[in-house]
Asks: 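So that we are looking at the same thing, I have put the structure below in structure tokens.
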Amino acid sequence: MTHLFGLADCNNFYASCEQVFQSDLRGKPTVVLSNNDGCVIALSKEAKSLKIPFGIPYFKMKATPEYRHVQVRSANFTLYGDMSNRVMDTIALNVPDTEIYSIDECFIDYNGVPNAEAHAKQLSETVRQWTGIAICIGLGPTKTLAKLANRKAKKEACGAVDVTDMDIRNDILKETEIGDVWGVGRRWKARLLLQGINTAYDFSRMDRRLARDMMGVVGLRTVDELNGISCQDLEFITPDKQNLCISRSFGDTIHTLDGMKERIHYFSTRATEKLRSGGLVASAISVFVRGNRFRPELPQYSNSVTVSLDGSTSDTGEILNAALYGLNKIYRPGIPYKKAGVLLLDLHPKEQAPSNLFTKSNPQREKLMHTMDGLNSKFGPGAVSYGQIPQSRTWYMSQKMLSNRFTTHWRELLVAK
DNA sequence: TCTGGGGTCCTAGGACCC
DNA sequence: TCTGGGGTCCTAGGACCC
């Protein structure tokens with residue numbers, strides 16, 4: 001049976017979110033910066049046409065005269081998350097089923113939908129009207145081909161493209177560079193080019209055994225998918241998360257154990273909140289620290305350690321102790337630290353967590369955690385915290401150009417005049 | 001002065017077992 | 001000339017994604 005997959009993808013998502021709520025940004029080149037206002041992670045179409053490179057450090061962009069009039073915003077993930085929900089809800093209302101793939105993309109089950117391409121075009125229009133966000137939809141018999149069709153739709157700015165038809169498909173395969181195929185990153189691109197494989201079409205014609213030998217089952221799957229053989233179904237049930245990571249580069253540099261403790265304390269606390277909000281427990285935690293890899297003249301050091309927890313837990317106190325124990329193990333004096341983080345590992349839903357002798361339930365502590373989570377979500381992260389708290393969070397992020405949280409905080413809602 | 005954060009999957013190789 | 005031969009589990013590292 002042949003399938004029909006759709007892939008809906010928001011155009012320039014973060015930049016579009018900023019432009020939707022700030023009319024003065026519309027039509028102007030606009031970029032969004034990463035945490036700490038470090039580098040450019042999203043560009044509006046006007047910014048793209050100025051050829052601002054994705055990922056350029058902000059200080060470099062600022063120093064470039066041609067970019068001086070570019071509008072700049074700090075990443076506002078609260079806003080983007082909320083807009084994402086609106087877009088996804090709108091799509092889900094109009095199609096049989098969806099699989100949310102990332103903050104700005106979802107796969108669509110288009111099996112059995114008559115005139116799917118026309119339907120998809122109409123859907124992209126509906127999303128634009130309801131949310132203000134422009135999307136494009138690609139359609140094809142596999143996820144990889146739907147991705148390919150989506151690129152084409154974006155390029156043509158036409159709402160939707162279907163590559164089910166073989167002639168249309170082959171044309172698009174031939175005009176798609178190998179590095180633009182979903183699943184082919186920088187490394188494989190280089191190796192495939194050496195083999196004389198320059199386009200998606202060349203890749204689809206590649207010998208299956210060679211693909212398997214060179215790139216493993218993942219590469220083989222991609223070749224098959226380019227040929228219309230579906231190897232990846234829609235996943236309607238989100239698989240349980242296995243790891244959870246909170247990490248940051250610092251706005252400043254840390255030289256002391258106390259300074260690092262402060263940050264690890266913060267990361268662990270945020271991580272356990274996330275853990276509990278997903279109804280999960282962890283059985284181990286990794287802590288990592290790193291110097292400044294962009295300054296090779298400074299002493300370099302990078303290390304990590306994994307600490308087992310006593311059974312599976314989501315208790316902030318236990319996880320915090322393990323994290324600080326780990327930090328003590330790997331901390332070396334004399335290093336200017338620039339980045340650190342924690343990973344919670346081996347996650348399971350609380351009910352089905354593997355239990356052992358150490359597993360214990362303590363309703364009072366659970367209630368305490370619940371209360372703290374509530375206060376922190378209401379008043380902002382770190383409003384109440386566990387144990388001795390770091391004095392300030394000014395180090396946490398520099399976000400000098402943050403827009404308002406137009407959709408989720410009533411003090412910042414837009415006022416109609 | 002200033003360079004993101006959060007994930008997944010696969011594979012190779014070592015430790016250990018019988 | 002070399003040499004056991006399977007299994008399992010774990011970890012590190014490489015590749016990719018947005």
Side-chain angles (χ1 to χ4, degrees), chain A residues 7-14 31-42 53-64 72 74-77 80-81 84 99-107 143-144 147 150-151 178-192 212-222 231-232 235 238-253 267 270-271 274-275 278 283-284 286 288 290-296 298 302-306 308 336 338-347 396-401:
Chain A
L7 175 69
D9 189 326
C10 300
N11 303 352
N12 321 313
F13 184 55
Y14 298 165
V31 301
V32 175
L33 303 180
S34 64
N35 283 334
N36 286 319
D37 293 339
C39 58
V40 171
I41 55 167
F54 180 91
I56 185 180
Y58 176 48
F59 71 90
K60 274 190 192 161
M61 191 194 96
K62 218 167 30 175
T64 309
V72 180
S74 304
N76 184 342
F77 291 107
Y80 311 149
S84 173
E99 172 199 331
I100 295 176
Y101 178 69
S102 74
I103 191 164
D104 72 334
E105 278 174 81
C106 71
F107 286 102
K143 283 184 168 179
T144 305
K147 272 267 186 188
N150 182 277
R151 281 181 48 84
I178 185 63
D180 293 330
V181 174
W182 190 40
V184 178
R186 272 206 335 272
R187 301 297 173 97
W188 282 351
K189 174 184 173 180
R191 294 183 57 186
L192 288 167
R212 164 75 231 223
D213 289 349
M214 217 173 116
M215 307 166 69
V217 297
V218 182
L220 179 58
R221 216 150 51 196
T222 302
C231 308
Q232 310 176 67
E235 287 167 23
T238 359
D240 295 323
K241 214 195 291 220
Q242 298 173 25
N243 306 317
L244 190 163
C245 174
I246 304 278
S247 81
R248 296 281 186 282
S249 296
F250 310 144
D252 51 1
T253 304
F267 297 145
R270 296 288 85 78
K274 256 180 130 172
L275 190 66
S283 65
S286 262
F288 70 89
R290 186 184 290 171
N292 190 343
R293 65 196 168 98
F294 296 106
R295 300 281 299 278
L298 297 177
S302 149
N303 204 353
S304 72
V305 64
T306 301
S308 297
K338 195 62 185 170
K339 182 172 182 174
V342 302
L343 288 94
L344 293 173
L345 307 170
D346 191 21
L347 310 186
Y396 165 43
M397 275 208 280
S398 117
Q399 296 179 296
K400 298 212 173 75
M401 293 146 290

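If you're wondering where the values come from, they're calculated on a predicted model, not measured in any experiment. Numbers restart at 1 for each chain; the letters A, B, ... are given by sequence-line order, proteins then strands.
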Asks: Do any N or O atoms from the side chain of A/Lys338 and from the backbone of A/Phe250 form a donor-acceptor pair under 3.5 angstrom?
Replies: yes
Asks: Name the residue closer to the 5' end of DNA chain B, choosing between A/Gly55 and A/Arg221 according to the nucleotide with the nearest heavy atom.
Replies: A/Gly55
Asks: Residues two or more places apart in sequence or in another chain: which of them pass side-chain hydrogen bond (donor to acceptor under 3.5 Å, both in side chains) with A/Glu99?
Replies: A/Lys143
Asks: In dot-bracket form, how is DNA chain B paired, counting a Watson-Crick or G-U wobble pair only if both its distances are under 3.5 Å and using | for bases paired to another strand?
Replies: ....||||||||||||||
Asks: A/Lys60 near the nucleic acid: base, sugar-phosphate alone, or nothing, with a heavy-atom cut-off under 4.0 Å?
Replies: nothing
Asks: For A/Ile103, report the nucleic acid contact type (base, sugar-phosphate, nothing); a contact means any heavy atom under 4.0 Å.
Replies: nothing
Asks: Does any N or O in the side chain of A/Ser302 come within less than 3.5 Å of the main-chain N or O of A/Arg290, such that one atom is a donor and the other an acceptor?
Replies: no
Asks: For C/dG4 and B/dG14, measure between their P atoms and round to the nearest Å.
Replies: 16 Å
Asks: Keeping A/Asn36 on the side-chain end and A/Gly38 on the backbone end, is there a donor-acceptor pair under 3.5 Å?
Replies: no
Asks: State whether the side chain of A/Asn35 and the backbone N or O of A/Ser249 hold a donor-acceptor pair below 3.5 Å, judged by distance alone.
Replies: no
Asks: Whether the side chain of A/Ser84 engages the backbone of A/Ile103 through a donor-acceptor N/O pair (distance < 3.5 Å, no angle test) should be reported.
Replies: yes
Asks: Kindly say whether A/Ala284 contributes a backbone atom to a donor-acceptor pair with the side chain of A/Asp346 at under 3.5 angstrom?
Replies: no
Asks: For the residue pair A/Tyr14 and A/Tyr80, does the interplanar ring angle fall in the parallel (under 30°), tilted (30 to 60°) or perpendicular (over 60°) class?
Replies: parallel
Asks: Along DNA chain B, 5' to 3', what are the outermost nucleotides having an atom less than 4.0 Å from a heavy atom of chain A?
Replies: B/dC2 to B/dT11
